[in-house]
Protein chains: 2
Amino acid sequence: MPRSVDVARLAGVSQKTVSRVFNDEPYVSADVRRRVLDAAEQLGYRLNNAARALASGRTRSIGVVALGTALYGPASLLLGIERAARDTGYALRVVSTAEGDPAGVTGAVSSLLDQGVDGIVISEPIDDGPVPVEVDVPVLVLGAPPAFAAPRVVSASVNAHDMAWAATEHLLDLGHATVHHVAGPRRWFAAKDRLDGWRAALAARDAAEPPVFEGDWSAGSGYQAGRQLPADATAVFAANDDMAIGLIRALTEAGRKVPEDVSVVGFDDVPVAAYITPPLTTVRQPFDSVAREGLALLVHAMEKPGQALPVTDRRQVDLIVRASTAPPPA
Amino acid sequence: MPRSVDVARLAGVSQKTVSRVFNDEPYVSADVRRRVLDAAEQLGYRLNNAARALASGRTRSIGVVALGTALYGPASLLLGIERAARDTGYALRVVSTAEGDPAGVTGAVSSLLDQGVDGIVISEPIDDGPVPVEVDVPVLVLGAPPAFAAPRVVSASVNAHDMAWAATEHLLDLGHATVHHVAGPRRWFAAKDRLDGWRAALAARDAAEPPVFEGDWSAGSGYQAGRQLPADATAVFAANDDMAIGLIRALTEAGRKVPEDVSVVGFDDVPVAAYITPPLTTVRQPFDSVAREGLALLVHAMEKPGQALPVTDRRQVDLIVRASTAPPPA
DNA sequence: GTGAAAGCGCTAACAC
DNA sequence: GTGTTAGCGCTTTCAC
């Protein structure tokens with residue numbers, strides 16, 4: 001492998017000048033820059049990242065703690081983070097946490113710290129209690145409150161509370177006396193936000209609050225919820241689309257028609273939501289823009305440690321009304 | 001940040017001994033090991049990966065070129081890779097390729113090479129023609145033929161051909177005269193394998209081969225296919241579950257019942273497949289074991305460059321028969 | 001605008 | 001079993 005001295009020799013300049021060119025530093029004449037670039041090209045030179053990191057103390061990479069599931073939400077967030085990171089010039093190191101893993105987020109963060117990263121993204125964490133690792137780089141928490149011991153913690157999330165509220169209100173507006181809720185696992189912040197939003201929407205209208213069914217995000221758990229749904233229920237808000245799909249299946253098997261007998265609203269707007277029977281009314285999550293905003297905050301915290309953070313407000317709610325919701329039976 | 005000399009000083013040993021302990025090298029007495037570990041603990045010492053990589057020439061990391069989509073298949077593969085990599089002690093660096101990106105796989109591989117990785121995984125690539133980068137590390141190609149210019153190329157994939165064959169045969173066995181096919185995009189190797197398997201199964205039974213509809217993996221494209229499905233078609237094999245779901249939606253809207261009028265088989269066994277109406281007959285893809293086997297091959301190629309590769313054969317086909325398939329109408 | 005010298009914190013090779 | 005000596009290929013600092 002050619003080194004920067006080799007390029008320097010060929011271009012007839014000092015090694016430092018090669019370094020200048022590859023770091024886009026000022027004070028290099030156009031002519032010298034050309035010669036260096038040509039020499040590098042000819043030799044097939046690549047900057048050695050390890051040497052660079054060792055000398056500069058920065059790795060130019062961001063570590064991501066991802067959820068170890070192929071669920072649409074977490075997968076979409078990861079994708080958004082990757083895209084955003086690439087745009088900012090940072091490389092991505094990914095570690096995932098299996099749910100139920102004793103080490104969990106703590107272990108994942110520690111392993112990223114071992115690898116050496118300039119910043120860390122924690123995607124949709126589960127409430128596992130405090131994280132007992134000292135983190136000396138900025139941290140972005142996506143989809144949860146920024147409870148973390150680090151020099152700089154930023155967070156970004158969708159406004160799940162208002163989104164859940166809107167979903168519930170939509171059903172109330174259609175004339176349903178109340179709305180049942182199939183929640184996600186209690187330990188997930190994402191589940192809690194939706195639960196709270198639903199609860200608040202019911203309270204605002206003085207609607208009775210029926211008991212909550214706690215699922216695990218899977219269609220199977222939605223199916224279980226559907227089999228246990230009280231006979232007098234006419235409207236259900238599920239905390240994600242998969243559970244809504246399972247719920248609809250159970251109702252269909254029981255001979256209860258959606259939306260004629262029971263209305264169902266999901267959450268996420270997964271790609272197939274528009275194509276199941278009946279097409280699902282749901283709330284769309286803007287994963288990509290959350291990831292993008294979050295990363296912008298993180299990069300800011302990484303590169304300008306002293307400055308105040310640009311704050312972005314996310315009030316938008318995208319309720320997609322399709323065919324799974326209707327007024328209650330007469 | 002404490003360095004290994006600091007630990008050495010505190011433990012009363014040489015710096016090299018600290019290095020030995022942290023690399024699990026032999027020839028360190030239990031007593032010294034303990035003292036070193038205690039000192040490290042006390043100082044909060046972490047090995048510096050950049051220095052390590054610079055000195056050893058190895059980064060202990062694997063680069064992954066992932067598809068920039070939240071599709072269930074690619075997302076599951078990525079997850080499987082992450083799990084498998086962690087088990088082998090390698091860190092993961094991820095770059096994704098947006099479809100239609102001019103740089104594509106070439107750019108992604110090049111960026112991984114810049115970052116410095118010991119091996120590269122290319123996940124479910126699209127046939128983009130030759131990749132004009134010189135790669136000096138072993139490469140694992142997941143789900144495609146190993147066409148790549150690198151010192152060592154290994155590959156692992158499901159036996160998509162036989163799986164598609166089994167899906168088609170299942171419909172033929174039910175008595176359908178022939179089976180229509182909704183394919184994936186032509187440029188995807190994954191689409192081609194399934195197409196070939198379907199074709200071969202029809203030929204083996206002397207069944208007529210109807211024109212193929214080429215979708216884009218989305219439920220929407222399956223829906224389009226469904227609207228164009230000939231009136232005399234009684235059986236369809238879709239190259240993934242999402243397209244099958246869209247297809248069923250179109251048939252349902254047109255008043256054609258599944259499976260009474262038309263049988264449909266999907267591919268993947270996505271988590272909601274069992275809960276749509278009707279529950280979908282499909283072929284399950286063993287993403288996790290493919291990733292695991294592939295990574296074992298890659299790590300072998302990385303660590304034992306000279307040796308022959310352990311070969312694993314994957315013949316198993318998991319056809320999951322649910323309620324979307326039945327004999328043709330009388 | 002450009003160059004020389006001094007590390008960054010490890011591992012490798014070899015001595016003892 | 002343990003220590004010594006050289007680098008690995010850059011960036012940093014400062015001189016010109």
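Keep in mind that the numbers below use all heavy atoms, side chains included, and drop hydrogens, waters and symmetry copies. Within every chain, numbering begins at 1; the chains are lettered A, B, ... in the order of the sequence lines, protein sequences first and strands thereafter.
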Could you list where the contact with chain B starts and ends along DNA chain D, reading 5' to 3', using a 4.0 Å heavy-atom cut-off? D/dG1 to D/dG9
Decide yes or no on side-chain contact (heavy atoms from CB on, under 4.5 Å) for B/Val95 and B/Val64, but give the supporting numbers first. CA-CA 6 Å; B/Val95 175; B/Val64 180; over 6 Å; no
More 5' along DNA chain D: B/Leu54 or B/Pro26, using each one's nearest nucleotide? B/Pro26
Look at the side chain of B/Asp118 and the backbone N and O of B/Ile62, then say whether any donor-acceptor pair between them is shorter than 3.5 Å. no
Taking the side chain from B/Arg35 and the backbone from B/Ala11, do they hold a donor-acceptor pair closer than 3.5 Å? yes
With the criterion being N/O to N/O and under 3.5 Å, what pairs connect the protein with nucleotides 10-13 of chain C, and how long is each?
residue, atom, partner, partner atom, Å
C/dC10, OP1, B/Tyr45, OH, 2.8
C/dC10, OP2, B/Ser4, N, 3.0
C/dC10, OP2, B/Ser4, OG, 2.6
C/dC10, O5', B/Tyr45, OH, 3.4
C/dT11, OP1, B/Asn23, OD1, 3.4
C/dT11, OP1, B/Asn23, ND2, 3.0
C/dT11, OP1, B/Arg52, NE, 3.1
C/dT11, OP2, B/Ser19, OG, 2.5
C/dT11, OP2, B/Asn23, ND2, 3.4
C/dA12, N7, B/Lys16, NZ, 3.4

Regarding B/Asn23 and B/Arg52, do their side chains bring together a donor and an acceptor under 3.5 Å, going by distance alone? yes
May I have the distance from B/Asn49 (atom CG) to C/dG9 (atom C1'), rounded to whole angstrom? 11 Å
Flag the pair A/Phe22 / A/Tyr45 as yes when their ring centroid distance falls below 6.0 Å, and as no otherwise. yes
Using a strict threshold of under 4.0 Å (side-chain N to carboxylate O), is an ion pair present between [Y] and [X]?
X	Y	result
A/Asp6	A/Arg9	yes
B/Arg83	B/Asp87	no
A/Asp31	A/Arg34	no

